Enquirer: 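A single structure is presented below for examination.
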Protein chains: 2
Amino acid sequence: MSVANEKLEDQPVSKQRLRLWLQMLKTTRFIENELREELRLGFQSTLPRFDVMAMLDRTREGLRMSQLSKQLMVSNGNVTGIIDRLVQEGFVMRVQVKGDKRATLVRLTPKGIEKFAEMAAEHERWINEHLKEIDETEIGHFIDILSKVREEDH
Amino acid sequence: MSVANEKLEDQPVSKQRLRLWLQMLKTTRFIENELREELRLGFQSTLPRFDVMAMLDRTREGLRMSQLSKQLMVSNGNVTGIIDRLVQEGFVMRVQVKGDKRATLVRLTPKGIEKFAEMAAEHERWINEHLKEIDETEIGHFIDILSKVREEDH
DNA sequence: CAAAAATACTTCAAGCCTAAAATTTTGAGC
DNA sequence: GCTCAAAATTTTAGGCTTGAAGTATTTTTG
């Protein structure tokens with residue numbers, strides 16, 4: 001590729017991608033702020049707790065701490081603290097894995113399942129409202145682009 | 001709208017929007033994790049500090065604390081702590097606004113300008129690499145969709 | 001089988017983040 | 001000038017987050 005090409009084509013695209021990234025960040029931050037507020041006022045809960053409960057709701061038999069932190073892309077030590085508080089509140093319980101005394105299985109309590117169902121219904125409504133401008137065709141396209149980013153990046 | 005319609009059309013779209021949101025979150029979290037690591041290893045810095053410096057670099061005459069927190073969409077008290085550390089490191093300085101003793105102007109020091117220039121160049125390269133799968137046509141489309149979300153939501 | 005390496009998790013220190021309360025200063029209305 | 005609401009920022013308490021160090025257990029390997 002020529003030097004002229006680099007100046008005329010690569011540079012602008014690189015700046016555009018940067019602009020796109022800043023928009024992505026701003027938009028997700030905006031929606032996260034809204035959700036945080038809604039969870040706080042409506043359920044006296046937080047986003048991280050909701051995320052953990054959502055993951056546990058999908059796997060009722062429970063998940064290991066390491067699986068949780070990997071799926072949520074947050075550190076190991078972080079999950080420990082969030083689970084501590086959820087256990088404290090009675091929404092989650094720790095169960096020993098038999099055959100491996102190092103591991104812990106974490107699962108929702110009946111109270112946790114009930115609470116999550118309420119939160120999830122509202123959550124879906126909030127998201128649908130915030131993203132209402134994106135139509136069915138765009139959703140698919142958008143998801144494709146996003147998954148390409150994560151695939152490529154390994 | 002009929003009940004049948006609601007079941008056949010609204011429900012699925014609402015689920016799809018939810019899925020889209022989860023993908024957005026996962027993708028931005030992934031890229032943020034990469035950037036955090038790169039800033040830490042390459043510059044002994046952090047994402048929040050970089051964000052603040054980026055904002056200050058765009059407005060060399062300085063910004064008020066309140067403008068900073070509004071632009072970055074983070075709380076007032078949060079910015080105080082980040083600026084404290086940047087001042088400590090010598091990259092930022094606080095200047096009194098004359099005519100209003102309540103307000104503080106914050107601006108980059110020469111050392112801060114220099115440091116930021118280095119970081120910004122690398123940062124643009126990292127973003128361009130992570131988003132390399134998104135071509136010029138898609139970028140524009142993507143940005144349009146994102147801005148619609150924030151517009152609509154007020 | 002004993003030593004070493006790997007795995008699962010927790011603890012720790014430091015930084016980021018929020019909402020709410022506190023502090024200081026400003027600006028109106030009297 | 002005085003009073004008081006509004007504005008700009010900091011402080012505070014509590015929760016989230018990370019990377020690194022620590023503990024216990026399991027697996028590998030010599």
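Order of the sequence lines fixes the chain letters, A, B, ..., with proteins taken first and strands second; residue numbering starts at 1 for each chain. From a predicted model like this one, the values you see are computed outputs, not experimental measurements. Only this structure's heavy atoms are used, side chains among them; waters, hydrogens and symmetry mates stay out.
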Enquirer: For residues 88-96 of chain A, please give each side-chain donor-acceptor pair under 3.5 Å, one per line with the distance, not counting sequence neighbours.
Expert:
| unit_1 | atom_1 | unit_2 | atom_2 | d |
| --- | --- | --- | --- | --- |
| R94(A) | NH1 | D84(A) | OD1 | 3.1 |
| R94(A) | NH2 | D84(A) | OD1 | 2.9 |

Enquirer: Under 3.5 Å, which protein N or O atoms sit close to an N or O of nucleotides 24-29 of chain D? Give each pair with its distance.
Expert:
| unit_1 | atom_1 | unit_2 | atom_2 | d |
| --- | --- | --- | --- | --- |
| dT26(D) | OP1 | K101(A) | N | 3.0 |

Enquirer: Please tell me if the side chains of I143(B) and R19(A) come closer than 4.5 Å, counting only heavy atoms from C-beta onward.
Expert: yes

Enquirer: Students often get this wrong, so: under 4.0 angstrom with heavy atoms, is E37(A) touching a base, only sugar-phosphate, or nothing?
Expert: sugar-phosphate

Enquirer: Evaluate the ring planes of F50(B) and H123(B), with Trp represented by its six-membered ring, and classify them as parallel (under 30°), tilted (30 to 60°) or perpendicular (over 60°).
Expert: tilted

Enquirer: Does the protein touch nucleotides 11-17 of chain D at the base, only the backbone, or not at all? Give it as B, S and - per nucleotide, heavy atoms under 4.0 Å.
Expert: B---SSB

Enquirer: Mind checking whether F142(A) and F142(B) have parallel, tilted or perpendicular rings, split at 30° and 60°?
Expert: perpendicular

Enquirer: What pairs of residues pass the side chain to side chain donor-acceptor pair (under 3.5 Å) test when at least one of them lies in residues 58-68 of chain B, not counting sequence neighbours?
Expert: D57(B)-R60(B)

Enquirer: Tell me: CG of L68(B) to P of dT10(D), nearest whole Å?
Expert: 11 Å

Enquirer: Report the residues that fulfil side chain to side chain contact (heavy atoms under 4.5 Å, CB included) with K70(A), sequence neighbours left out, ordered by chain and then residue number.
Expert: none

Enquirer: Would you grab the first and last nucleotide of DNA chain C (5' to 3') that comes under 4.0 Å of any non-hydrogen atom in chain A?
Expert: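 First-to-last contact on DNA chain C, by the 4.0 Å heavy-atom rule, is dT7(C) to dA20(C).
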
Enquirer: Between W126(A) and F43(A), what is the ring plane arrangement, given parallel below 30°, perpendicular above 60°, and tilted in between?
Expert: perpendicular

Enquirer: Of all the heavy-atom pairs spanning R36(A) and N33(A), show the shortest one and how long it is.
Expert: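 Looking at all heavy atoms of both residues, the shortest contact is NH2-OD1, 3.0 Å.
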
Enquirer: Does the pair K148(A)/E138(B) count as a salt bridge with the N-to-O cut at 4.0 Å?
Expert: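 Result for this pair is yes, salt bridge flagged.
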
Enquirer: Determine, for R40(A) against E37(A), whether the closest basic-nitrogen to carboxylate-oxygen distance falls under 4.0 angstrom.
Expert: yes

